[in-house]
S.K.: 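So that we are looking at the same thing, I have put the structure below in structure tokens.
For the numbers below, each heavy atom of this structure counts, side chains included, while hydrogens, waters and symmetry mates do not.
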Amino acid sequence: MTDKINEPRHVPGPNQADDVMASQHDEDVELVDDELASALKGAYDAMDPTPEQEDRMLAALLEAQSANAQGVEEAQTDAAAAIAPSANRSSRFKVWKIAVPLAACLAVGAIVVGTSPTPSHQAVPPVQASQSAQPTSSKTEAPANDAKSQKTEAPANGAESQKTEIVELDDADTLGYMATEAADGGYMDEGVGYYDDAKFNTEEYSALKETGFISTKSNPLSTVSADVDTASYCNLRRMIKDGYNLKDVPNGAVRIEEMLNYFDYDYAAPTGGDLFSMQAQSAVCPWNKDTQLLVMGFAAAPESKAASKGSNLVFLVDVSGSMDSPDKLDLLQDSFSTLLDNLGPDDRVSIVTYTSREDIVLEGAHGDDVKAITKAIYKLDAGGSTNGEAGLKQAYEVAERNFIEGGVNRIIMASDGDLNVGITSESELYDYVDSKRDSGIYLSVLGFGSGNYKDNKMETLADHGNGSYHYIDCIEEADRVLKTKLTANLVPFADDVKVQVEFNPAQVKAYRLIGYENRELADEDFRNDEVDAGDVGPGAQFTVAYEVVLADSAYKVDEPDLKYGTQVKAYDNASSDWLTCTMRYHAFDGDEMREQQLAVDASASTKSPDSNWNLAAAVIEFGMLARDSEFAGTSGEDGILDLLANASQNDDADSFKRLVLAAL
């Protein structure tokens, strides 16, 4: 895999796929026309209509043709307006395969039996939906390590403009899907299913319990797995753009570490033989004057030997009925086309799809065969149930057949996570992908869509499949993940990256880890190499932040009263260190586990923190407000904007500022 190719290539965008697909489209249309003409001629001959009936038939078909032309124009207008994803869109199944011949046959039949043309052969217009269901004020909670998840209800975002969606059916799989929807409150009428968008928000997020202050006296160690996922920030952005109030956002949807890791920081590059740089800065906490905000940054070296060996990429694409939406399969197809600029002849691309069955659409195509790859991508069509288990198994088999020794071997799964056949629970997904950890094949996950999005399952797959997790809410984000940051997101560099911080009780009274609730590790597992941890690509960054209570702070923290005082001597040390941070990882091209350390003392504290610290502090404040944190203190819009004014000014920071203004 290379960052650039020698010669520029044109990659079809959202409105250019027709050029690539024209030949196949013509063949399909010719086949459909021949079959339709033959069927209609046979029906016509069998009816042997009178001249009067022929006149009536012609008039009816001309009327149907006019209505069809109007419908096509409206559909094109809808498609143009649907480029930006929206949480209010529901699945709309493709009907062109049967709508025209069915309408024609119905019109002919109606005329022959002596009825005049009526609107009965047209789709029933949408029924005005009731007001959107208000989000429940209480959220379902579950233990942090439990597979249970919380579900959310749709917020009242533009409820007056929402309408009940019409879903027209074209195959048996879709009939089964709509039967499920009907059982959940929709209804069927003459082969058409109706349901109210506002009543079908079944998004799921794992419940998170925010970490509170921990007494250094009782537990001086804090251990976490590295995390380079960014899905939470983009999903939160989607919710806010679609009209969510912060109070409506599910607690589990806000993972502050992923919000922090979305942004680029001016972290130093590694020096010497180290594969990572480590840096720390502390200043008075913006929302609590009695504590310090400690921000620690980690940056990987920008190069990996794996990139020079070529890549074996398997796109595992969910093409079930729930993916039939502009912000799902349509956006997914355009997203994958952005990746092609960075592929070359040494790369291999395969495409596996899954619905109620799994199919190999493309296997082992050379990365520079843009036409074949693009054609395969844009031929994908949605319909049916979702058997993620079968798709995963097939994708791993394809990846194994095309394995590149020493190169990039990665499955990129794209889905809304709504698995409803085969393995469907988080625990089963965990067990399956965990069993593939030692295969040398990495699994990354791209999330799409809304309404039925299953964030909990998507995160489980990525975290335990040695990969990263990103949410794609627009084509610009696809470009960022699959083009601008392709190497960092797809190329392996360091595996099982862990961070352990030991606080000095003589200098630090208590500490609070910010975010990372579902990435914490047992302290004793830091050097247990059988315990899986996060994987980091070349050039990637991640940030770990703590709110720290220094020993002389007036902030009161509950401290245990140890009867036997077994650790008293440790508190009498003369070290001025606040803490020592140790990171441990396995280099992709090495056999040994490696460790690096950084000692942090009062010299890391400043009254004029740099742009990195200010950006991180602003993101943390916003994250705490979004999840209604009990530790938010004086956090608010003004404070966030002040911090951003002192952060680096770039497109991402500007976009974040607009998001803050829209949400608060």
Side-chain angles (χ1 to χ4, degrees), residues 144-145 208-229 255-261 276 278-283 285 288 291-298 463 496-529 531-534 536 541-551 553 555 557-560 562 567 570-571 573 575-585 595-602 604-605 613 616-617 620 623-624 629-631:
N145 296 324
L208 298 177
K209 181 174 176 57
E210 189 174 24
T211 304
F213 282 102
I214 297 175
S215 167
T216 311
K217 183 178 179 182
S218 63
N219 188 0
L221 294 175
S222 174
T223 308
V224 300
S225 165
D227 188 4
V228 293
D229 298 348
R255 296 186 289 273
I256 294 179
E257 72 277 9
E258 294 183 21
M259 297 174 65
L260 284 169
N261 293 332
F276 287 87
M278 304 171 65
Q279 46 254 295
Q281 188 173 77
S282 184
C285 191
N288 185 347
T291 62
Q292 291 266 321
L293 175 62
L294 173 68
V295 176
M296 296 189 294
F298 306 83
D463 287 351
D496 296 329
V497 182
K498 302 175 184 177
V499 174
Q500 186 170 76
V501 178
E502 180 183 358
F503 290 93
N504 180 2
Q507 303 294 333
V508 176
K509 185 190 304 183
Y511 61 90
R512 181 176 74 86
L513 176 65
I514 299 175
Y516 288 89
E517 289 89 353
N518 60 0
R519 307 291 282 177
E520 288 190 88
L521 299 173
D523 296 332
E524 58 270 22
D525 286 337
F526 179 66
R527 291 188 172 88
N528 181 356
D529 297 332
V531 175
D532 187 36
V536 179
Q541 302 176 342
F542 66 96
T543 300
V544 180
Y546 290 89
E547 187 173 355
V548 175
V549 183
L550 297 178
S553 171
Y555 192 83
V557 176
D558 292 333
E559 296 184 274
L562 300 178
Q567 301 183 59
Y571 306 145
N573 70 76
S575 173
S576 61
D577 290 348
W578 286 9
L579 59 96
T580 296
C581 176
T582 306
M583 69 179 306
R584 181 178 175 86
Y585 55 88
E595 289 191 9
Q596 295 178 218
Q597 280 193 341
L598 173 69
V600 179
D601 58 20
S605 182
W613 186 95
I620 292 170
M624 289 193 299
S629 169
E630 65 175 291
F631 303 103

S.K.: Is it the case that the side chain of Asp601 and the backbone of Ser576 share a donor-acceptor pair, with hydrogens and angles ignored and the cut-off at 3.5 Å?
M.R.: no

S.K.: Begin with the C-alpha distance, continue with both residues' side-chain angles, and end with the deciding distance and a verdict on side chain to side chain contact (heavy atoms under 4.5 Å, CB included) for Phe298 and Val497.
M.R.: CA-CA 11 Å; Phe298 306 83; Val497 182; over 6 Å; no

S.K.: Check this for me: does any side-chain nitrogen of one of Lys509 and Glu559 sit under 4.0 Å from a carboxylate oxygen of the other?
M.R.: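 Not counted as a salt bridge, because no side-chain N and carboxylate O are separated by less than 4.0 Å.
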
S.K.: Measure the spacing between CD of Gln281 and OG of Ser605 and express it to the nearest 0.5 Å.
M.R.: 8.5 Å

S.K.: As a quick check of understanding, evaluate side chain to side chain contact (heavy atoms under 4.5 Å, CB included) for Asp229 and Arg255, giving each step before the final call.
M.R.: CA-CA 10 Å; Asp229 298 348; Arg255 296 186 289 273; over 6 Å; no

S.K.: With sequence neighbours left out, what residues match Glu257 under side chain to side chain donor-acceptor pair (under 3.5 Å)?
M.R.: none

S.K.: Applying side chain to side chain donor-acceptor pair (under 3.5 Å), can you list everything that pairs with Asn261, at least two apart in sequence or on another chain?
M.R.: none

S.K.: Against Phe213, only a single residue in Phe503, Tyr511, Phe631 fulfils ring-ring contact (aromatic ring centres under 6.0 Å, His included); can you say which?
M.R.: Phe631

S.K.: Under the criterion side-chain contact (heavy atoms from CB on, under 4.5 Å), which of Gln596, Glu502, Gln597, Met278 is the partner of Cys581?
M.R.: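 Exactly one pass, corresponding to Met278.
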
S.K.: With side chain to side chain contact (heavy atoms under 4.5 Å, CB included) as the criterion, how do Asp532 and Asp496 come out once you've worked through the C-alpha distance, each side chain's angles and the decisive distance to 0.1 Å?
M.R.: CA-CA 6 Å; Asp532 187 36; Asp496 296 329; 2.8 Å; yes

S.K.: Take atom CG in Asp523; do more than 12 heavy atoms of anything else shown fall under 6.0 Å from it?
M.R.: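 More than 12 within 6.0 Å, yes.
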
S.K.: Would you mind checking if Arg584 and Asp529 are paired as a salt bridge, meaning a charged N to carboxylate O distance below 4.0 Å?
M.R.: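 Yes.
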
S.K.: Could you state the interatomic distance from CG (Leu294) to CZ (Arg512), rounded to the nearest 0.5 Å?
M.R.: 12.5 Å

S.K.: Given salt bridge (Lys or Arg N to Asp or Glu O under 4.0 Å), test Lys498 with Asp525 step by step and report yes or no.
M.R.: CA-CA 9 Å; Lys498 302 175 184 177; Asp525 286 337; over 6 Å; no

S.K.: Determine, step by step, whether Phe526 and Leu221 satisfy the side chain to side chain contact (heavy atoms under 4.5 Å, CB included) criterion, reporting the C-alpha distance in whole Å, the side-chain angles of both residues, the deciding distance to 0.1 Å, and the verdict.
M.R.: CA-CA 10 Å; Phe526 179 66; Leu221 294 175; over 6 Å; no

